[in-house]
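One structure below.
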Protein chains: 2
Amino acid sequence: MNAHILIVEDERKLASNIASYLEAFGFRTTMLHDGQGVVAAVSGGGFDAVLLDWLLPDVDGLTLCQALRRQCAVPIIMMTARVEESDRIDGLDAGADDYLCKPFSLREMTARLRALLRRAQMRQGKPSTGLHIDDAAHRVFVDSDEVTLTPVEYRLLKIFHANPGRAFTRYELQHRIYTDCRIVNDRTINVHVKNLRQKLVACGFDDPIATIHGIGYRWS
Amino acid sequence: MNAHILIVEDERKLASNIASYLEAFGFRTTMLHDGQGVVAAVSGGGFDAVLLDWLLPDVDGLTLCQALRRQCAVPIIMMTARVEESDRIDGLDAGADDYLCKPFSLREMTARLRALLRRAQMRQGKPSTGLHIDDAAHRVFVDSDEVTLTPVEYRLLKIFHANPGRAFTRYELQHRIYTDCRIVNDRTINVHVKNLRQKLVACGFDDPIATIHGIGYRWS
DNA sequence: TTGTGCTTTACCGATTCTTTACCCTATTTT
DNA sequence: AAAATAGGGTAAAGAATCGGTAAAGCACAA
């Protein structure tokens with residue numbers, strides 16, 4: 001983690017707001033207030049993502065974006081006051097990975113940035129994500145990211161993880177999850193499996209739960 | 001610790017609600033019900049953070065915010081009924097460090113306030129607080145402040161502190177706290193945990209007890 | 001006994017988790 | 001190809017858990 005973000009924005013106040021917000025979340029940041037030096041800075045390779053304003057005093061953000069793309073594959077988020085579809089398309093055509101329409105919430109920005117960084121990381125051949133269950137602490141990690149699971153999800157994960165390759169019917173899972181002999185609707189298991197899948201996949205873990213049609217599920 | 005918070009809010013009822021909630025958590029508070037004297041009060045340097053209502057009878061909160069910023073770097077949280085994105089950005093542009101949209105929960109407010117104070121403190125190069133248990137003297141200190149604990153709280157703290165990161169069920173805690181095989185209501189543990197948390201947090205110690213829903217607690 | 005401080009219980013409101021219901025898509029069977 | 005069955009996704013109903021408050025219970029000393 002601790003990604004380094006380049007913020008290119010001429011409104012200094014906005015730029016520093018963004019910076020301090022990101023820093024509060026553990027990012028490192030660097031600000032530039034015009035187009036000068038942006039290409040040079042990025043080509044140095046020290047940045048993990050770029051937040052790029054569309055309208056800069058000296059150069060067109062779009063042009064700058066294209067220039068950056070020619071340099072390297074760094075993730076770029078365009079920030080723009082424009083809202084027309086065509087502008088968005090232009091931005092994405094120029095090589096931006098995402099765009100934010102001003103005014104945007106810093107929260108949304110951070111969320112998109114995170115998603116982008118995760119995607120970028122995966123693309124760079126970091127497929128070897130590992131799952132780690134710390135049973136004493138009752139915590140689950142995908143690499144270094146913690147996955148927060150509900151009690152049922154946790155139990156479900158443990159069952160699967162302890163029996164890789166083995167197929168489980170929903171009936172079986174039900175009886176392993178609940179110590180009491182509770183009977184629940186089949187579809188309940190579906191929902192828990194879906195939620196578990198979702199949380200794992202959100203951390204860049206390839207969906208490890210295979211559906212066996214007419215039978216149940218299998219961890220692989 | 002014992003941060004001093006300035007609450008600027010014309011609705012007296014809301015203001016005193018906020019104040020008493022914060023005081024319960026060990027903050028000191030001061031209320032002002034209009035813009036008069038706010039700048040003077042803050043420039044005195046006696047406040048660690050300001051909760052500032054956007055709409056005041058006499059002056060615009062936004063203007064006030066900017067005026068405060070010119071004075072000093074005190075953390076400011078804007079409270080506003082507005083929800084539009086653009087307003088939020090305006091607030092942040094004016095130098096607010098965070099904003100709360102009314103109606104907000106006092107809990108969220110406290111959480112954000114804490115985060116803000118922590119950041120501010122870190123910026124000022126203050127290292128994190130440390131806990132020290134003097135078992136021989138049966139005394140507990142957060143940095144140099146003594147925390148007075150009841151016998152049960154002390155035992156609870158020792159159990160947690162000796163097992164950082166480990167998850168405990170309430171049942172387990174119960175049996176470790178009591179040498180006799182006493183059985184108490186589950187909720188009893190909750191109360192002791194709450195009291196322990198409260199005392200630690202009041203001394204500026206970040207709540208170190210994480211709740212594991214459906215399981216129990218963990219010290220981290 | 002009365003008072004004081006600590007512990008335990010009871011309860012409420014808020015939050016979080018679980019289960020169900022529903023709709024739509026995918027797969028299998030007729 | 002049409003019908004039947006199974007599974008995925010969403011959202012809302014329902015249930016359990018948790019934190020906070022306050023009062024009752026307890027132990028011990030004055």
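All values reported here derive from a predicted model rather than from experimental measurement. In the text below, chain A, chain B and the rest are named by the order of the sequence lines, each starting its count at 1. All values below were derived from every heavy atom in this structure, side-chain atoms included, with hydrogens, water molecules and symmetry-related copies excluded.
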Whole-Å distance separating the [atom1] atom of [X] from the [atom2] atom of [N]:
X: B:I177; N: C:dC6; atom1: CD1; atom2: C1'; value: 14 Å
X: B:L196; N: D:dG20; atom1: CG; atom2: C1'; value: 16 Å
X: A:Q198; N: C:dT18; atom1: CD; atom2: P; value: 14 Å
X: B:R197; N: D:dG20; atom1: CZ; atom2: C1'; value: 12 Å
X: A:N190; N: C:dT20; atom1: CG; atom2: C1'; value: 12 Å
X: A:H192; N: C:dT20; atom1: NE2; atom2: C1'; value: 11 Å
X: A:K194; N: C:dT19; atom1: NZ; atom2: C1'; value: 13 Å
X: A:L149; N: C:dT18; atom1: CG; atom2: P; value: 10 Å

Contact class for [X] (heavy atom, under 4.0 Å): base, sugar-phosphate, or nothing?
X: B:I212; answer: sugar-phosphate
X: B:V191; answer: base
X: B:Y178; answer: sugar-phosphate
X: A:T188; answer: base
X: A:Y154; answer: nothing

Below 4.0 Å: OP1/OP2 of [N] and any side-chain N or O of [X]:
X: B:T211; N: D:dT17; answer: no
X: A:R182; N: C:dT19; answer: yes
X: A:T150; N: C:dT18; answer: yes
X: A:H213; N: D:dG7; answer: no
X: B:N185; N: C:dT9; answer: no
X: B:R170; N: D:dC18; answer: yes

Legend entry - Considering all heavy atoms, the nearest B:D34-B:P57 contact: CB-CG, 4.0 Å
Inset, instruction - Look at the side chain of B:R187 against the base of D:dG19 and say whether a donor-acceptor pair falls under 3.5 Å; ignore hydrogens and angles. - result: yes
Inset, instruction - Could you point out which residue of A:K199, A:K158, A:Q198, A:H192 forms a side-chain hydrogen bond (donor to acceptor under 3.5 Å, both in side chains) with A:E153? - result: A:K199
In terms of side-chain heavy atoms, does [X] have a donor or acceptor partner in [Y] at a distance below 3.5 Å?
X: B:T30; Y: B:H4; answer: yes
X: B:Y217; Y: B:R170; answer: yes
X: B:R197; Y: B:T211; answer: yes

Legend entry - Along DNA chain C (nearest heavy atom to each residue), the more 5'-positioned of B:E153 and A:K199: B:E153
Legend entry - Residue whose closest nucleotide on DNA chain C lies nearer the 5' end, B:V184 versus B:T148: B:T148
Legend entry - Residue whose closest nucleotide on DNA chain D lies nearer the 5' end, A:G216 versus A:N195: A:G216
Legend entry - From CG (B:L113) to CZ (B:F27), nearest 0.5 Å: 5.0 Å
Legend entry - A:P151 side chain, from C-beta outward: closest of C:dC17, C:dT7, D:dG8: C:dC17
